[in-house]
Structure formats: C-alpha cells, structure tokens
Q: 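Next up is a structure, given as structure tokens.
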Amino acid sequence: MANIGSMVLQMLKNEISEVDYTRYIKQIHYNEEESKSNYAVFNAPNPLIANWVRTKYADKISHLFEIKTGVKPTIFIGTHKAPPSTSTKETLKTPNPSDKVPHTLLNPSYTFNNFVVGGSNNFAYVAAKSVSEKAGIVYNPLFIYGGVGLGKTHLMQAVGNVMLAQGKTVIYTSVEQFLNDFSRHLSNRTMDRFKDKYRKCDLLLIDDIQFLSGKNQIQEEFFHTFEALRNENKQIIITSDKHPKKIGGLEERLKSRFEWGLVADIQPPELETKIEIIKKKCEINRVKLDKEVINYIATIIENNTREIEGILSKLNAYSQLMGVDINIQFTRNVLKEQIAEKRSNITIDTIVDIVSKELNVKATEIRSKSRNSSIVYARRVAIYLSRNLTPNSMPQLAHYFGMKDHTAVSHTMKKIQELMKNDEDFKIKVDELSNKVSSLTDN
Ligand code: ADP
Ligand code: MG
C-alpha cells in the first residue's frame, strides 16, 4: 500500500480546498529513499510549486506526520527533475564523502550568485565568501545574526554549497535536530556514531542557535562538538536572531567562543536591495514582471524577504489560472488581502511621526495650517501616504489634517501623483518613506 508520505498527503487532502489540492499537493511526491524519521523529503515538479507548498503547508504536513508516526519531521520540498535511475547513476559516478549527507538538506538555490549584496548585508556576505575560500583558517566560527528573513540561512548554506561541490562533508542542522539526534543516539547507546557525525565533518552549519537558550544538557554537548571541530580547524558557521552577548540562558563559555571568530550582522534591506532581490527571485523562478510591479512589491513587502517567493508564486498561479499578464493593476488586486492586513497596523500618527523625522518638520506643524513651503510639502506627503497606507477615508483625513473637506484631500492626492510622475527624485523619496512606514510597522 501507499507509503507514509502519500498517506499524509491523503490526510491533508481532506483538510484543504480542492483547488489547492489539485493544483499543488497532487503535484508533489514523497521521496521515501531520502527521507528519515526526523525529516521528510518531497519532490515537486518546479520551484514555484515547491515554494508554495513549503510556505503554506510545510507545518501542516509535519504535524500530520506527527499524528501518524509520533515524530514531527522537518519537511524538505525540492525539485528533483531526474528520474530515480539517473540520480542513482550520478551518485555512483561521483562518490564523495558527502554522499552520506542528503543534498536536500541544503537548498541548492542558496548560492552566492543568487545572493544580492547591498549595504545591509555586505559585511556578512564578504565574511561568508572568505570562509568559503579559506574554511577553518579565517573566521572560525563565523557567527551571523539578524532579523527573520534577512538571508542568514541563505548565506550559511551558500558556504555549504561551495564546500559540498568540493566533495567536503557538510552538516546543516537546527538546534532541534541536533538535540533530537543526540537523544536518539543516547537512548540507542550509539553516541560514538553521533560524535563521528558531528565531530568529523568539514563544515558544521548550525542555524538559529538562539534556541540553545536554557537547554543545558545540549549546550554541554554542543560545547564539546565545538571544541573538537575547532581543534581540528574544521569550520563552524552559526546563525542567530541576536548577538551572542544578547542570547539569554546560554553558558558563558559558549557565548565567548561564539565571538572568537567573527560576528557579522545583517540589517534590513534598503529599498534598492529589495528591488534587486525581487529581480533575482523572478529570474530564478522564471517569472516576468515589469519595473512598476517590481517597485510596487518592494514597497509593500515587509523586511522579511521570505515574503517575496510567496508573492511571486501567488501572482504566477493566478495569472496562469486566469490567462492574463501580470501588470500593476492585477498585482494590486491579488495582493489586496496582504495589504489590507498590513494597513490595519499603520496609523496616521505613525506616518506623521515618520514624515516629520525624515523631512525635519515638527509633527504639530504638519497638522497646522502653516503655508511655509517645507511644511506644506511634508503635509502633502503625509496625506498621500496616509491615504495609501491606512484605511482612512478622505473626509477622515481632511478632519485629521485640519482641512476644509475631502476635496482638499483629493486635490493633494492629485498634486502628489503629478509630481511623482514628473520628478523621479521626488518619486524615489516618497517610495522610500512609504517603505519606511511599512517596515516600521511590521509585525
Ligand atoms: P533568515 O535565515 O535570515 O531568516 P533566509 O536565509 O531564510 O532568512 O532568507 C529568506 C528568503 O529571502 C530566502 O528565500 C532567501 O533566498 C531570500 N533572501 C534574503 N536575503 C537575500 C539576498 N540578499 N539576496 C537574495 N535572496 C535573499
Ligand atoms: Mg534562517
């Protein structure tokens, strides 16, 4: 009968819409050979379907596995196109030590080439690049920290992909997986195998180390793994959502060791970088978008770059379904829900606050009746952003900004739109402000 993976997908079928099932879930297949109890591998026909399923259903699939087997596996959805016979041949052709490590653990598209470098991530990028060229010699460990979706996992796996291609043994793991592995080997009395695995690799990637916090036994084990690897000049890369010093519930000796190599941070991307990342993702996923649509997406997404792939697959799926091209109007419609959700977090007060800081005008002046030109300018921008980014109606805005009535607001809107059309610099400034408002009100 069917394997556990197909059973899980059948269970999922009962819980989701028919459209989602036929369009996405039905297209993916469980890869029994590459799966283990703590991770389940599925193959999808293309990156879009893989991303869609990953974003929307990975948690659910993992949960269904847990119901069936008692173990909650990490879900990997890849895009192996080759039939099994070819892949077997390939593995036979190029035997290397890393064959024991399932390649699916590293996302093959997380490469340096696919990483867009900007001011916000340049430091971490350069550090990772040097580590990939001189593993174990320069910065060891390399510690990368920053907010969600800023590319930490991408960068660490980029190093992994380089070394994997050189035939090195690479382990990518989360704290949870490391802990599970440890417990399993402990209860099976196979700790030697655990030590062999983690202490004899060429590169150990530990993602989201902040989850070590408060887990004393595993901190101890990790400490010894760390020492063993470093003594052998084997490279360690660690990511975290915060600086080592700021991770609570972590042994001092670990904290200090995390700073022995290099600590590199990643900041939220600037608008320009966001635009380049979207272009890159379009290229990888073979989605065609024009400049206007790209700029629009860049200004509405949060700092979390992870959203981009979700948006692209959504746009692509809808456009194929309806047989229309993706243009700005279409994009607005498709993303309406997403924007509505974000809008509910943004208030006029926040906007006025940001505009006043950015344009060096007092918030009270923006709401005053002053005709001073720089104040009028700031007021107009604030009104424009409030209209676009909050659910307030024109009469509500007129009331807030002390204007006569809604026609005054509508006049301001037209004025700004005209200016944006004719003045590229002005448009960039307004887009930037809009971006700032959206990102400050994230979460
Ligand atoms: P984190 O681990 O910091 O939460 P990820 O590495 O998972 O973030 O990145 C989230 C998504 O955003 C991934 O699809 C990644 O490829 C993409 N991404 C983030 N930063 C960049 C970048 N500078 N260039 C290209 N893609 C990026
Ligand atoms: Mg990550």
Q: Is the backbone of V116 close enough, under 3.5 Å, to the side chain of N121 for a donor and an acceptor to pair up by distance?
A: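 Such a contact is found between N121 side chain and V116 backbone.
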
Q: If we only count heavy atoms from C-beta on, is the L250 to S213 side-chain gap below 4.5 Å?
A: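 No, every pair of side-chain atoms sits at 4.5 Å or beyond.
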
Q: For A378 and V355, which heavy atoms make the closest approach, and how far apart are they?
A: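 Taking every non-hydrogen atom into account, O-CG1, 3.6 Å.
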
Q: Given the rule in the side chain to side chain contact (heavy atoms under 4.5 Å, CB included) test, do T173 and L205 qualify, once you have shown the distances and angles that lead to the verdict?
A: CA-CA 6 Å; T173 184; L205 308 171; over 6 Å; no

Q: Any chance the rings of Y125 and F112 have centres within less than 6.0 Å?
A: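 Here the rings of F112 and Y125 have centres that are less than 6.0 Å from each other.
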
Q: Could you tell me whether F76 and F42 have their ring centroids closer than 6.0 angstrom?
A: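 No: the rings miss the under 6.0 Å criterion.
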
Q: Between the main-chain N or O of D208 and the side-chain N or O of T239, is there a donor-acceptor pair closer than 3.5 Å?
A: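 A pair under 3.5 Å: yes.
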
Q: State, with a plain yes or no, whether a side-chain heavy atom of I301 is found less than 4.5 Å away from one of Y296.
A: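 A side-chain contact under 4.5 Å is absent here.
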
Q: What are the two closest heavy atoms between A158 and T111, and how far apart are they?
A: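 Closest pair (atom of A158, atom of T111, distance): CB-C, 3.7 Å.
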
Q: Centre-to-centre under 6.0 Å for Y198 and F178, is that the case here?
A: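 Judged by ring-centre distance (under 6.0 Å), Y198 and F178 do meet the cut-off.
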
Q: Hey, which of K281, K56, K314 is the one that makes salt bridge (Lys or Arg N to Asp or Glu O under 4.0 Å) with E309?
A: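 Testing each of K281, K56, K314 against E309, the sole residue satisfying salt bridge (Lys or Arg N to Asp or Glu O under 4.0 Å) is K281.
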
Q: If only atom types and distance count, is the side chain of D241 paired as donor or acceptor with the main-chain N or O of G147 below 3.5 Å?
A: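 Absent.
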
Q: Between T390 and N392, is a side-chain hydrogen bond (donor to acceptor under 3.5 Å, both in side chains) present by the stated rule, with each step listed?
A: CA-CA 5 Å; T390 75; N392 289 283; 2.9 Å; yes

Q: Rounded at 0.5 Å granularity, tell me how far CG in L150 sits from CD in Q267.
A: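 Reported to 0.5 Å precision, the distance equals 8.0 Å.
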
Q: So, do I67 and M11 sit near enough that their side-chain heavy atoms are less than 4.5 Å apart?
A: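 Yes. Closest side-chain heavy atoms under 4.5 Å.
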
Q: Show your reasoning for whether side chain to side chain contact (heavy atoms under 4.5 Å, CB included) applies to T74 and N38.
A: CA-CA 6 Å; T74 312; N38 59 342; over 6 Å; no

Q: Check for a donor-acceptor pair, side chain of T299 on one end and backbone N or O of S434 on the other, with a separation under 3.5 Å.
A: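 No: the side chain of T299 does not pair with the backbone of S434.
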
Q: Considering non-hydrogen atoms only, spot the tightest contact between A264 and A124 and give its length.
A: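 Taking A264 first and A124 second, the nearest heavy atoms are CB-CA, 3.8 Å.
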
Q: Please round to the nearest 0.5 Å and tell me the distance separating atom CG of N316 and atom CH2 of W52.
A: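 The CG atom of N316 sits 11.0 Å away from the CH2 atom of W52.
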
Q: Under 6.0 Å between the ring centres of F258 and Y145?
A: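 So the answer is no for these two rings.
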
Q: Validate the cation-pi geometry between K13 and Y21: distance from NZ or CZ to the six-membered ring centre under 6.0 Å, angle to the ring axis within 45°.
A: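 Yes, K13 lies over the aromatic ring of Y21.
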
Q: Got more than 12 heavy atoms from elsewhere within 6.0 Å of CD, E259?
A: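 Yes, because the 6.0 Å sphere around CD of E259 holds more than 12 heavy atoms from other groups.
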
Q: So, Y57 and D20: side-chain donor and acceptor under 3.5 Å apart, yes or no?
A: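 Yes.
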
Q: Where do N107 and Q157 come nearest, in terms of heavy atoms and distance?
A: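 For N107 and Q157, the tightest heavy-atom pair comes out as N-OE1, 2.6 Å.
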
Q: Using side-chain heavy atoms (C-beta onward) and a distance below 4.5 Å, is K197 in contact with D181?
A: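 K197 reaches D181 side chain to side chain.
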
Q: Go through the side-chain N and O atoms of D349 and T347 and say whether any donor and acceptor fall under 3.5 Å apart.
A: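 No, no side-chain donor-acceptor pair sits under 3.5 Å.
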
Q: Hey, could you give me the NE2/OG1 distance between H154 and T305, rounded to the nearest 0.5 Å?
A: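 Atom-to-atom, H154:NE2 and T305:OG1 are 10.5 Å apart.
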
Q: Assess whether side-chain hydrogen bond (donor to acceptor under 3.5 Å, both in side chains) is satisfied between T350 and D353, documenting all intermediate values.
A: CA-CA 5 Å; T350 334; D353 201 44; over 6 Å; no

Q: Within 45° of the ring axis of F223 and under 6.0 Å from its six-membered ring centre, is that where the NZ or CZ of R257 lies?
A: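 Checked: cation-pi criterion not met.
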
Q: Would you please say whether a donor-acceptor pair under 3.5 Å links the side chains of T153 and D207?
A: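 A pair is found: one side chain offers a donor N or O, the other an acceptor, under 3.5 Å apart.
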
Q: Would you say Q235's side chain and Y139's backbone share a donor-acceptor pair under 3.5 angstrom?
A: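 Yes: the side chain of Q235 pairs with the backbone of Y139.
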
Q: So do V131 and V138 actually touch side chain to side chain, heavy atoms under 4.5 Å?
A: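 They are in side-chain contact.
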
Q: For E32 and S35, does a side-chain donor sit closer than 3.5 Å to a side-chain acceptor?
A: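 Looking only at side-chain atoms, S35 and E32 do not form any donor-acceptor pair under 3.5 Å.
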
Q: After noting the C-alpha distance and the side-chain angles of K129 and E133, does the key distance pass the salt bridge (charged side-chain N to carboxylate O under 4.0 Å, His left out) rule?
A: CA-CA 6 Å; K129 198 92 200 337; E133 285 153 10; 3.7 Å; yes

Q: Show, in sequence, the C-alpha distance, side-chain angles and deciding distance for I209 and L212, and conclude whether the side chain to side chain contact (heavy atoms under 4.5 Å, CB included) test is met.
A: CA-CA 6 Å; I209 199 86; L212 268 187; 3.6 Å; yes

Q: Okay, side chain of E292, backbone of I328: is any donor-acceptor separation there less than 3.5 Å?
A: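 No; zero donor-acceptor contacts below 3.5 Å.
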
Q: Would a distance-only check, ignoring hydrogens and angles, find a side-chain to backbone donor-acceptor pair under 3.5 Å from Q417 to Y384?
A: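 Looks like no, no N/O pair under 3.5 Å.
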
Q: Got a donor-acceptor contact below 3.5 angstrom from the H185 side chain to the R193 backbone?
A: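 Here the side-chain-to-backbone pair does not exist.
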
Q: Other residues, nucleotides and ligands only: do more than 12 of their heavy atoms fall within 6.0 Å of OH on Y318?
A: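 Check fails, neighbour count at 12 or below.
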
Q: Donor-acceptor pair, K280 side chain versus N113 backbone, under 3.5 Å?
A: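 Present.
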
Q: What's the verdict on side chain to side chain contact (heavy atoms under 4.5 Å, CB included) for M156 and Y172, showing C-alpha distance, side-chain angles and the deciding distance?
A: CA-CA 9 Å; M156 78 166 8; Y172 169 79; 3.7 Å; yes

Q: Is it true that K427 and E424 have a side-chain N and a carboxylate O under 4.0 angstrom from each other?
A: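 Here K427 does not pair with E424 in a salt bridge, since their nearest N and O are not under 4.0 Å apart.
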
Q: May I ask you to check whether over 12 heavy atoms, not counting those of K242, lie within 6.0 Å of atom NZ?
A: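 For K242, atom NZ is crowded (more than 12 foreign heavy atoms under 6.0 Å).
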
Q: Do K288 and D325 sit within salt-bridge range, that is, some charged N less than 4.0 Å from a carboxylate O?
A: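 No, K288 and D325 are not salt-bridged.
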
Q: Heavy-atom distance under 4.5 Å between the side chains of E220 and Q217, does that happen here?
A: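 No; the side chains remain at least 4.5 Å from each other.
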
Q: Give a yes or no on whether Q210 atom CD has more than 12 heavy-atom contacts from other residues, nucleotides or ligands under 6.0 Å away.
A: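 Enclosed.
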
Q: Quick check: are there more than 12 heavy atoms from other residues, nucleotides or ligands sitting under 6.0 Å from NZ of K134?
A: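 At most 12 heavy atoms, drawn from other residues, nucleotides or ligands, come within 6.0 Å of this atom.
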
Q: Give a yes or no on whether a salt bridge exists between E251 and R253, defined as a side-chain N under 4.0 angstrom from a carboxylate O.
A: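 The answer is yes: the pair qualifies as a salt bridge.
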
Q: Nearest 0.5 Å, what's the CD1-CD1 distance between I25 and I61?
A: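 Here the rounded value is 5.0 Å.
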
Q: Strictly by modelled atom types, are N188 and T190 linked by a side-chain donor-acceptor pair under 3.5 Å?
A: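 There is no such pair between these side chains.
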
Q: Looking at K60 and L12, what are the two nearest heavy atoms and their distance?
A: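 Minimum heavy-atom separation between K60 and L12: CG-CD1, 3.6 Å.
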
Q: Rounded to the nearest 0.5 Å, what separation is found between the CD1 atom of I278 and the CD atom of E307?
A: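 One finds 10.0 Å between CD1 of I278 and CD of E307.
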
Q: Using a 3.5 Å distance criterion without hydrogens, assess whether the side chain of N31 forms a donor-acceptor pair with backbone atoms of E34.
A: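 Present.
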
Q: Taking the side chain as C-beta and beyond, is there a heavy-atom pair between D202 and M163 under 4.5 Å?
A: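 The answer is yes; the side chains approach within 4.5 Å.
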
Q: Strictly below 4.0 Å, N to O, side chains only: are E227 and R199 in salt-bridge contact?
A: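 The answer is no: the pair does not qualify as a salt bridge.
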
Q: Might you point out which heavy atoms bring I275 and A298 nearest each other, and give the distance in Å?
A: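 Taking I275 first and A298 second, the nearest heavy atoms are CG1-CB, 3.6 Å.
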
Q: Would you say that Y377 contacts F426 through its side chain, given a criterion of any heavy-atom pair below 4.5 Å between the two side chains?
A: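 Yes, at least one pair of side-chain atoms sits under 4.5 Å.
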
Q: Regarding N114 and Y110, do their side chains bring together a donor and an acceptor under 3.5 Å, going by distance alone?
A: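 No donor-acceptor contact under 3.5 Å links the two side chains.
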
